[in-house]
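Inspection log for the structure reproduced underneath, given as structure tokens.
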Amino acid sequence: GAVVSQHPSWVICKSGTSVKIECRSLDFQATTMFWYRQFPKQSLMLMATSNEGSKATYEQGVEKDKFLINHASLTLSTLTVTSAHPEDSSFYICSASSGTLGYTFGSGTRLTVV
Amino acid sequence: DQQVKQNSPSLSVQEGRISILNCDYTNSMFDYFLWYKKYPAEGPTFLISISSIKDKNEDGRFTVFLNKSAKHLSLHIVPSQPGDSAVYFCAASVGGSEKLVFGKGTKLTVNP
């Protein structure tokens, strides 16, 4: 079946630093990947849609300069949280569309900004 | 405005009994619905889906029912097992769009 690997699974960083999260489709090519954010007891909120070889499409209210998305290949998308602040602490999850296989999610990244 | 609503934040059932998780939606353009199961600190895993052209889809112990007129769907798990304890998310999409809109989730606890 389709597998999506997301790293790191957790990260603690200092305010003002940047953190990169990777999302890889291991056994299929993903032309489209999605980045979600989940606050405690809240739904998964779509942040942006990442398309291979083109700019990401951000949802309303998501700062594109703060959450940099790069989808350089058909198997890798990265989310970089720039100049992180404590309010950016959250659970970030990527998802890849595998066509007939549907959506496959990564295991998520718990980001804590101190 | 939340387009997909799961009004019960938690549900507790006994092993062997039926678990019924509910989901309501407001956007009549939604035509594809999915249920995901999520354990703490993990990504969601796909359970079952249903297209708006159907009113029922079954896969083993999991059945999803769709009532389009009521804009309501439900996930039935029978018999419930302790390993089913997790948070269940309802999600919906429009017209083949790959964007999913999620509910807030319902935490299911199946007691032995």
Side-chain angles (χ1 to χ4, degrees), chain A residues 1-11 21 23-26 30-52 56-62 77 90-112, chain B residues 1-11 21-27 30-51 57 59 62 64 73 75 86-109:
Chain A
V3 177
V4 171
S5 174
Q6 184 174 343
H7 292 282
S9 56
W10 61 270
V11 58
I21 303 170
C23 182
R24 293 180 185 272
S25 56
L26 296 185
T31 54
T32 306
M33 289 188 176
F34 304 89
W35 288 95
Y36 294 86
R37 181 175 181 177
Q38 186 189 19
F39 292 104
K41 298 183 180 180
Q42 298 293 320
S43 61
L44 290 162
M45 299 299 297
L46 179 65
M47 297 174 65
T49 302
S50 166
N51 297 297
E52 187 267 336
T57 304
Y58 290 82
E59 295 300 301
Q60 192 172 14
V62 178
S77 177
S90 189
F91 192 58
Y92 294 85
I93 305 176
C94 69
S95 168
S97 172
S98 49
T100 56
L101 297 176
Y103 307 96
T104 304
F105 285 83
S107 54
T109 298
R110 167 67 62 189
L111 170 64
T112 303
Chain B
D1 176 39
Q2 198 166 6
Q3 298 184 67
V4 177
K5 301 177 183 178
Q6 292 177 259
N7 293 317
S8 298
S10 63
L11 174 68
L21 299 117
N22 294 304
C23 178
D24 297 291
Y25 60 96
T26 58
N27 188 345
F30 286 143
D31 59 3
Y32 192 64
F33 304 89
L34 309 92
W35 283 94
Y36 286 86
K37 176 181 179 179
K38 184 182 182 298
Y39 294 112
E42 293 184 13
T45 54
F46 172 75
L47 269 180
I48 192 168
S49 64
I50 189 167
S51 162
N57 189 25
D59 183 3
F62 302 92
V64 56
L73 65 155
L75 173 68
V87 176
Y88 289 78
F89 287 95
C90 169
S93 67
V94 175
S97 167
E98 295 181 305
K99 290 185 180 180
L100 296 178
V101 179
F102 285 86
K104 288 188 176 183
T106 297
K107 183 177 181 180
L108 173 66
T109 302

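In what follows, every heavy atom counts, from backbone to side chain, and hydrogens, waters and symmetry copies are set aside. In what follows, chains are A, B, ... by sequence order, proteins preceding strands, each numbered from 1.
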Could you tell me which portion of [X] (side chain, backbone, both or neither) has an atom closer than 4.5 angstrom to a non-hydrogen atom of chain A?
X: Lys107(B); value: neither
X: Tyr36(B); value: side chain
X: Leu100(B); value: both

[X] versus [Y], closest heavy-atom pair with distance:
X: Ser43(A); Y: Gly103(B); result: CB-O, 2.7 Å
X: Ile93(A); Y: Pro44(B); result: CD1-CD, 3.9 Å
X: Glu42(B); Y: Phe91(A); result: O-CE2, 3.7 Å
X: Phe89(B); Y: Gln38(A); result: CZ-NE2, 3.3 Å

Task: Segment of Glu59(A) engaging chain B (4.5 angstrom heavy-atom cut-off) - done: side chain
Open item on the list: At a 4.5 Å cut-off on heavy atoms, which part of Leu44(A) comes close to chain B: side chain, backbone, both, or neither?
Closed with: both
- [ ] Hey, could you give me the NZ/CE distance between Lys104(B) and Met45(A), rounded to the nearest 0.5 Å?
- [x] 9.5 Å
